[in-house]
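Data block below; observations after.
Order of the sequence lines sets the chain letters (A, B, ...), proteins ahead of strands, with each chain counted from 1.
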Amino acid sequence: MDAERRKTLEETTRWDPGMVEQRVFRGWLEGGYFHPPAEGTPAQNYSISIPPPNVTGALHMGHALNGSIQDTLIRLSRMRGRNTLWVLGTDHAGIATQAVVEKELASQGTSREELGREAFTERVWEWKEQYGSTIVEQYKRLGASCDYERERFTLDEGYVKAVYKVFVDLYEKGYIYRDNYMVNWDPGLRSAISDLELENREVTDSLYEIAYPLEGGGELVVATVRPETMLADTAVAVNPDDERYRDVVGKNAILPITERPIPVIADEHVDPEFGTGALKITPGHDPNDFEIGRANDLQEISVIGEDGRMIEPAPERFVGMPAAEAQKAVVSELREQGRLRGEEPYTHSVPFSHRSGERIEPLISLQWFCRMDELAKPAIDVVRRGAVRITPDGALRQYLHGMENIPPWCISRQLWWGHRLPVWYRGNDQDIETYVGESPPDGEGWEQDPDVLDTWFSSALWPFATLGWPDTTTPEFKAFFPTDVLVTARDIISLWVARMIMTSLEFTEQVPFTHVYVHSIIQAPDGRRMSKSLGTGIDPLDEMDEHGADALRFGLLAMTSTQDVRFSQARVQQGRDLANKMWNASRLILLNARDDVEPGPRSNRVEDRWIASRLQRAVRAVTESIEAYDFSHAALDLYDFFWSELCDWYLEIVKPRLYDGDEDASATLLWALEQVLALAHPLMPFVTEEIYSYLPQQSAAALVVHAYPLADDALIDEDAEREIGEAIALTRALRRWRDLAGVPVKQVLTARADDARPHELVSRLARVEFSEDGGEPIASVGGVELLETEGVDPDAVRARIEERREMLRAEVKRGEGKLSNEGFVAKAPADVVDAERVKLDAYRAELEELGG
RNA sequence: GGGCGGUUAGCUCAGCUGGGAGAGCGUCUGCCUUACAAGCAGAAGGUCGUCGGUUCGAGCCCGGCACCGCCCACCA
């Protein structure tokens, strides 16, 4: 080690991630470690496709956890020597991105309509070039070892090809079709949006009761929160079992205001308990009514347009009014006509657009759909067969539940940013020709459909389109598809995971990945959802600024579980503390170990064999946990080993030998350090890589490509573990006794051992001097008799002994009770009973020793 | 309404096929012991939501109840 590096080690008493992380990351990139050659077979290789973040996105806590997990798996695989690829890319995120750019335009006093389609998309591309790399840079801060040289985008040239091929093929196979359907219409965006892009909010509306006269006398009273939609009513429905209305089913009601006759029908969806038990049916403006309408062949009338204003065939005086205004007008006319029978406040949940914030207007419109049921069948099958394994179980159940009753998917969006539908029309509404293909057919007058595809349509192709598909001969596709594992959160299982499996089976005839690991969603510390709008978000970048990327990674991994968890800053701090501990323990070792010894577990000394043995167990535990996607235990087991066993015990035990230049101590320490750095690297890559660069001898160019440790059973040493285990237990007992007896820290106790075992280690660690003195003992701790010593408070000693006797008496009583229970002795396994006897004997003996 | 999960220390969470309840943080006591005060050595703190059942034995298995959360479908 040169003088300057040594000086750095000597002077840097705290791990300072800010200084180091960037430099370490640059070293990895320059080493080309993240950019594997496209060689070998998918079975030999290991690959993961990152869930592509939105180009507009900023790294949030979900990304940070998701990335930490994947990077742990990727680094483990890479260190095991497998050719490992982590595919990185971003999603064009149609609605989100368009909204961002539109907002920018608005602030400049213009709009997308003013620019026109072509100029607008040009603007979005410019925006993407400028800001689209933000989130990619943030993944780098996290330490994500993605292949940054193979970055993909869902709108790049090759990807668009994949999307068009899938659309055209699915159309030709009859899955994709055009139909009138009820969609969630966002009047702000002027687009249909998916169920997942809306949020339900509690809203207090008025619930109106309106009397519909019946032909031939009488009336039916219906309840509604949206009286304006009655202008599009095409029926009134009652429950078929509802005695009150038995006679009116089949008659006609006269719709007030429009005076249109509409049938009274029976439908079991109607809840007789609610309101009056009679439901107005508006197939054009209510999803539920739409279903009932289709089931009963009702006419579908629309009186609200795409801008949220009334349109014909609503009576002319309403046309052009916003729906809310029309509601007032309709109510006031009903009141004048004496048709209004009630009005009361009514709180219910109402869908709002996540994007524009506007209240969703359910509308019927002509959209493109993809039928999913047949595609779902093989996708259910591969999961049932275990060809794709989904863990944990809850996520598996959610997947199957979602797939078994999968509705058609509305894939067209009235946006400008995205994959424009490869659909061409010619002619007029009465006589329209439709052609589906990448480019327009020969002939004049073909015009492309203005809509774009739902963003998830392209995301559904992610694992294979990023590797070159539809060209299945690219080196990347041949080497890395299918991928190994998909890491994601529960909220997009049906939206994304399921669709990837379906498209992959349909188009590549392979599963896209063999495992799906579904991790926790990180909630705010108070249990609410982390969200910017609620102000509950915690920015992972702030956490990294403050504590370092390793700390955040450790914290998130330690937090994650099979269920959702609350963000715990304490876990991040624990990670920071561990990184600091690693740095300082390494300083101790590196500044004092001899650099002329070959590192290795060569020592015969019991404490050296002990740490070698404990290290093997830690390696096994951590490795097994990662392989089982149990990242929390992996992180915490690593922490325990490093902190408690390596630092608290082994370093304290070995320190004097280290200072004395003992060769075995240096060999053991340097070896153990290298092993534990490698073990920890997938979880905490920065601090481990940095420390590794200080090792006097390095077997790899960098830790990132160092061999991952393999637990060596030959180093498991039960005898050493027992012996040191006993020394530790005795040390702790003596320390506890000292503390309770009020012995000053520096006071050395005099003691006599009844056998030779109490180690010289115990003597030093517990500050006890063993002597052959024959004096009367004042206390006995774990077989060690403590002799009269200056500074010992006799009262405290007596109290301590009495306390111990109390405990022993209770234990003896408990043990005797248990062993005199015939059922226990007869039915419990023999080893359990034996263990109970051994314990009882030991307690009795000790109690005897203390005078009963 | 349907489905799923949860309820364990003051807080956030572990707890393997049922055999004496653990971690981190926080609290208390004592230490600036030459790697680390982001540290060291100790300690206190839990009738494991509730009622009942199975069992020699239940945090764990079964049933009822209460409360919390998530997903799906949504009632006008």
OP1 or OP2 of B:A14 under 4.0 Å from side-chain N/O of A:Ser561: yes

Check: A:Glu10 side chain, B:A35 base, donor-acceptor under 3.5 Å: no

Pairs meeting criterion salt bridge (charged side-chain N to carboxylate O under 4.0 Å, His left out) with involvement of residues 636-649 of chain A, two or more places apart: A:Arg614-A:Glu645

Which residues share a salt bridge (Lys or Arg N to Asp or Glu O under 4.0 Å) with A:Arg617, sequence neighbours left out: A:Glu718, A:Glu721

Pairing residues for A:Asp205 by the side-chain hydrogen bond (donor to acceptor under 3.5 Å, both in side chains) criterion, not counting sequence neighbours: A:His348, A:Arg359

Donor-acceptor pair under 3.5 Å, A:Glu811 side chain vs B:G20 base: yes

Over 12 foreign heavy atoms within 6.0 Å of CD, A:Glu769: no

Nearest-angstrom distance, C1' atom, B:U27 to B:G19: 33 Å

Donor-acceptor contact below 3.5 Å, side chain A:Thr229 vs main chain A:Arg226: yes

RNA chain B contacts among residues 570-583 of chain A, heavy-atom distance under 4.0 Å: A:Ala570, A:Arg571, A:Gln574, A:Arg576, A:Asp577, A:Asn580, A:Lys581

Gap in Å between the two P atoms, one belonging to B:A73 and one to B:G2, rounded: 16 Å

Non-neighbouring partners of A:Asp242 that pass side-chain hydrogen bond (donor to acceptor under 3.5 Å, both in side chains), sequence neighbours left out: A:Arg244

Any A:Trp643 side-chain nitrogen or oxygen under 4.0 Å from OP1 or OP2 of B:A35: no

P gap between B:A14 and B:G6, integer Å: 10 Å

Side-chain N or O of A:Gln563 closer than 4.0 Å to phosphate OP1/OP2 of B:A14: yes

Side chain of A:Leu651 - closest among B:A35, B:G20, B:A14: B:A35

Side-chain atoms of residues 731-738 of chain A: list all donor-acceptor pairs with protein atoms under 3.5 Å, sequence neighbours left out, distances to 0.1 Å.
{"unit_1": "A:Thr731", "atom_1": "OG1", "unit_2": "A:Ala727", "atom_2": "O", "d": "2.7"}
{"unit_1": "A:Arg735", "atom_1": "NE", "unit_2": "A:Leu765", "atom_2": "O", "d": "3.3"}
{"unit_1": "A:Arg735", "atom_1": "NH2", "unit_2": "A:Leu765", "atom_2": "O", "d": "3.3"}
{"unit_1": "A:Arg738", "atom_1": "NH1", "unit_2": "A:Gln747", "atom_2": "O", "d": "3.1"}
{"unit_1": "A:Arg738", "atom_1": "NH1", "unit_2": "A:Ala766", "atom_2": "O", "d": "3.1"}
{"unit_1": "A:Arg738", "atom_1": "NH1", "unit_2": "A:Arg767", "atom_2": "O", "d": "2.9"}
{"unit_1": "A:Arg738", "atom_1": "NH2", "unit_2": "A:Pro744", "atom_2": "O", "d": "2.8"}
{"unit_1": "A:Arg738", "atom_1": "NH2", "unit_2": "A:Val745", "atom_2": "O", "d": "3.1"}
{"unit_1": "A:Arg738", "atom_1": "NH2", "unit_2": "A:Gln747", "atom_2": "O", "d": "2.6"}

Within 6.0 angstrom of A:Glu822 CD, more than 12 heavy atoms from elsewhere: no

Write down the protein N/O and nucleotide N/O pairs, taken from nucleotides 42-44 of chain B, whose separation is under 3.5 Å; answer none if there are no such pairs.
{"unit_1": "B:G42", "atom_1": "OP1", "unit_2": "A:Arg735", "atom_2": "NH1", "d": "3.4"}
{"unit_1": "B:G42", "atom_1": "O2'", "unit_2": "A:Asp739", "atom_2": "OD2", "d": "2.9"}
{"unit_1": "B:A43", "atom_1": "OP1", "unit_2": "A:Arg736", "atom_2": "NE", "d": "2.7"}

side-chain hydrogen bond (donor to acceptor under 3.5 Å, both in side chains) partners of A:Arg490, counting only residues at least two apart: A:Asp564

Presence of A:Tyr639 side-chain N/O under 4.0 Å of B:G24 phosphate oxygens OP1/OP2: no

Of all pairs that satisfy ring-ring contact (aromatic ring centres under 6.0 Å, His included), the ones with a partner from residues 275-294 of chain A, not counting sequence neighbours: A:Tyr181-A:Phe290

Which nucleotides of RNA chain B pair, in dot-bracket form (Watson-Crick or G-U under 3.5 Å, | meaning another strand): (((((((..((((.....[..)))).(((((.......))))).....(((((..]....))))))))))))....

Residues that A:Tyr629 engages under ring pair (Phe, Tyr, Trp, His ring centres under 6.0 Å), provided they are two or more places apart: A:His515, A:Tyr517

Listed once per pair and sorted, the side-chain hydrogen bond (donor to acceptor under 3.5 Å, both in side chains) pairs that draw on residues 544-556 of chain A, sequence neighbours left out: A:Asp71-A:Arg553, A:Arg141-A:Asp545

Most 5' of A:Tyr346 and A:Met559 on RNA chain B, judged by nearest nucleotide: A:Met559

Whichever of A:Val832 and A:Glu652 has its nearest RNA chain B nucleotide further upstream toward 5': A:Val832

Minimum-distance nucleotide to A:Asp648 side chain [options: B:G30, B:C40, B:A38]: B:C40

Donor/acceptor link under 3.5 angstrom from A:Arg814 side chain onto base of B:G20: yes

A:Arg397 side chain near B:C4 phosphate (N/O to OP1/OP2, under 4.0 Å): no

Span that lies between the P atom of B:G18 and that of B:G59, in whole angstrom: 13 Å

